[in-house]
Amino acid sequence: MATVKVDDVKEKGIELEFSPDVKAAFLRLLPLRSISRFWGYLTSLDIPIWLRPSIYKAWARAFHADLEEAALPLEEYATLQDFFIRSLKSGSRPIDLDSNCLVSPVDGTVLRFGELRGPGALIEQVKGFSYSAYSLLGATTSLHEIVDTDAPEEHSEHSFTEERHKTSWLRISLASPKIRHPISASPRKGVFYCVLYLHPGDYHRVHSPVDWQVLLRRHFSGRLFPLNQRATRTIRNLHIENERVILEGRWREGFMAMVAIGATNIGSIKLYIEPELKTNRPKRQLLHTEPPDEKIYEPVGIGLTIKKGEEVAAFNMGSTVVLVFQAPISGSSGQYATPSDFKFCIRNGDRVKAGEAIGSWSGS
């Protein structure tokens, strides 16, 4: 009955607001990490060759996946895991090569996007509730040096106790003359975000949105709540409670971070640039204030060079990716944008594919 009401509201163009419920509280009692590890084990089991096409076609019907794009015949995907993270035929995802645009890193649905302004650098989870970009990226993120640099020292409640672990790579990298894209005061840069949700039937690989230098990887071992529409509407701090892998670095316009967020049955986040990283490992207890595992890529201050459209990571089933990045703004105090201002070319609810432009500006 509740589903009918939700659909009715959506058809009328009314945006649903944040509203915690009993089901959301019940999810906290479930061993979702263990369930996800068991699902991961099941999806790694070999399927008899004769049975593979039937299983994969049934999955495609249930979740509206396009099997015509698969790079290999269905019989060649030995496990469900291989099928979930399958590559596509060459040319299936053309990359917009315009150097003055960012492209979507995934196939997915646009949930939220905007500019980070004001104390806390808040990202809207759903109407009526936002969370701090600092909490999403971690206390040692260099975003602190970019947003509200002239703001008072006081931090929002979202910063919690991570602050004491602030022995940041930033002091190393900013001191190094090897950084290729130092953040400058002129021209002005805004800080923007975009949240993209991958459905279970979507293509599950994550591509680079721009050419950039990945300076570090940060891994938070969090919970594994679902990331569907209901969870987004009912679970507080969903994206900062869940397990996630953050890549942080610089592109030609300044700061860039890409966050891959795990979910129920998607504890395994595969990072192609760091295959040895293991996520959703068994733990005796999970503390929300536990510091993340952080790796600085060599050489320090330069890191790994990733090209626009390059494969970076992969999920099992569906999940969520968040981009946080700097881009040009005119610096005008007025409300009228100029052609040199970065502008999104998407709307909430849009379906986008990896490689398609999500925002651009007119470069000089």
Side-chain angles (χ1 to χ4, degrees), residues 99-105 110-125 130-156 158-159 162 166 168-170 173-174 179-196 208-216 218 239-240 244 246-261 308 320-335 337-338 340-346 348 357-363:
S99 61
N100 292 329
C101 83
L102 279 85
V103 301
S104 175
V110 178
L111 295 185
R112 298 279 159 178
F113 64 89
E115 186 175 357
L116 293 178
R117 294 176 177 173
L122 297 179
I123 296 174
E124 190 175 45
Q125 176 174 309
S130 299
Y131 58 90
S132 170
Y134 303 136
S135 296
L136 177 73
L137 300 178
T140 60
T141 177
S142 61
L143 187 67
H144 285 287
E145 306 297 317
I146 299 166
V147 179
D148 301 323
T149 53
D150 57 347
E153 280 291 308
E154 185 178 341
H155 294 287
S156 72
H158 297 280
S159 297
E162 287 179 330
K166 220 171 188 178
S168 176
W169 65 276
L170 181 68
S173 62
L174 285 183
I179 290 182
R180 300 184 180 182
H181 302 300
I183 298 168
S184 60
S186 179
R188 283 196 61 190
K189 311 283 183 176
V191 182
F192 300 85
Y193 71 92
C194 182
V195 184
L196 300 159
S208 175
V210 292
D211 295 340
W212 60 312
Q213 307 294 130
V214 180
L215 298 177
L216 67 83
R218 201 175 289 121
H239 294 161
I240 63 176
R244 60 200 183 277
I246 299 146
L247 297 178
E248 190 170 305
R250 298 177 183 275
W251 70 306
R252 55 177 262 201
E253 299 301 333
F255 178 85
M256 170 64 67
M258 183 162 64
V259 186
I261 305 175
K308 180 190 279 190
T320 294
V321 169
V322 181
L323 298 177
V324 180
F325 57 93
Q326 280 187 293
I329 57 174
S330 64
S332 170
S333 58
Q335 296 182 353
T338 69
S340 61
D341 285 358
F342 173 82
K343 292 181 284 292
F344 284 104
C345 54
I346 50 177
N348 288 340
I358 58 173
S360 63
W361 70 100
S362 298

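- Applying the side-chain contact (heavy atoms from CB on, under 4.5 Å) criterion to Ser104, with sequence neighbours excluded, gives Val106, Leu196, Val352, Ile358.
- Distance check: Arg117 CZ to Leu122 CG gives 13.5 Å after rounding to the nearest 0.5 Å.
- With a 4.5 Å cut-off on side-chain heavy atoms, Val195 and His239 count as touching.
- When Leu215, Thr140, Val324, Thr141 are each tested for a side-chain contact (heavy atoms from CB on, under 4.5 Å) with Glu248, only one passes: Thr141.
- The two residues Phe325 and Met256 make their nearest non-hydrogen contact at CB-CE, 3.5 Å.
- No donor-acceptor pair under 3.5 Å is formed between the side chain of His144 and the backbone N or O of Tyr134.
- When all heavy atoms of Glu253 and Pro328 are compared, the closest pair comes out as OE1-CG, 3.5 Å.
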inquiry  = One pair to check against side chain to side chain donor-acceptor pair (under 3.5 Å): Ser142 and Arg250. What are the steps and the verdict?
reply    = CA-CA 10 Å; Ser142 61; Arg250 298 177 183 275; 5.3 Å; no

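- By the side-chain contact (heavy atoms from CB on, under 4.5 Å) test, Ala260 is found to be paired with Ile269, Phe315, residues two or more places apart in sequence or in another chain being considered.
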request  = Go through Asn100 and Trp361 one step at a time and tell me if the side-chain contact (heavy atoms from CB on, under 4.5 Å) criterion holds.
outcome  = CA-CA 6 Å; Asn100 292 329; Trp361 70 100; 3.5 Å; yes

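- Taking the side chain as every heavy atom from C-beta outward, Glu124 and Leu111 never approach each other to under 4.5 Å.
- Shown here for Phe342 and Leu102, the closest heavy-atom pair between the two residues is CE1-CD1, 3.8 Å.
- The heavy-atom pair separating Cys101 from Ala357 by the smallest distance is SG-CB, 4.1 Å.
- The distance from atom CZ of Phe192 to atom CZ of Phe255, rounded to the nearest 0.5 Å, is 14.0 Å.
- By the 4.5 Å heavy-atom criterion applied to side chains, Val214 and Ser208 are not counted as neighbours.
- Rounded to the nearest 0.5 angstrom, Ser132 OG and Ile123 CD1 are separated by 8.0 Å.
- Rounding to the nearest 0.5 angstrom, the gap separating the CD atom in Gln326 from the CZ atom in Arg188 is 11.0 Å.
- For Phe113, the ring pair (Phe, Tyr, Trp, His ring centres under 6.0 Å) partners two or more places apart in sequence, or in a different chain, are Phe344.
- Minimum interatomic distance between Arg112 and Asn348 (heavy atoms only, all atoms of both residues): CA-OD1, 3.5 Å.
- Trp251 CH2 to Asp211 CG: the interatomic distance, rounded to the nearest 0.5 Å, is 9.5 Å.
- Atom OG of Ser99 is separated from atom NZ of Lys308 by 7.0 Å, given to the nearest 0.5 angstrom.
- The nearest pair of heavy atoms linking Leu137 to Arg218 is O-NH1, 2.5 Å.
- Remark: the backbone N or O of Leu136 is paired with a side-chain donor or acceptor of Arg244 at under 3.5 angstrom.
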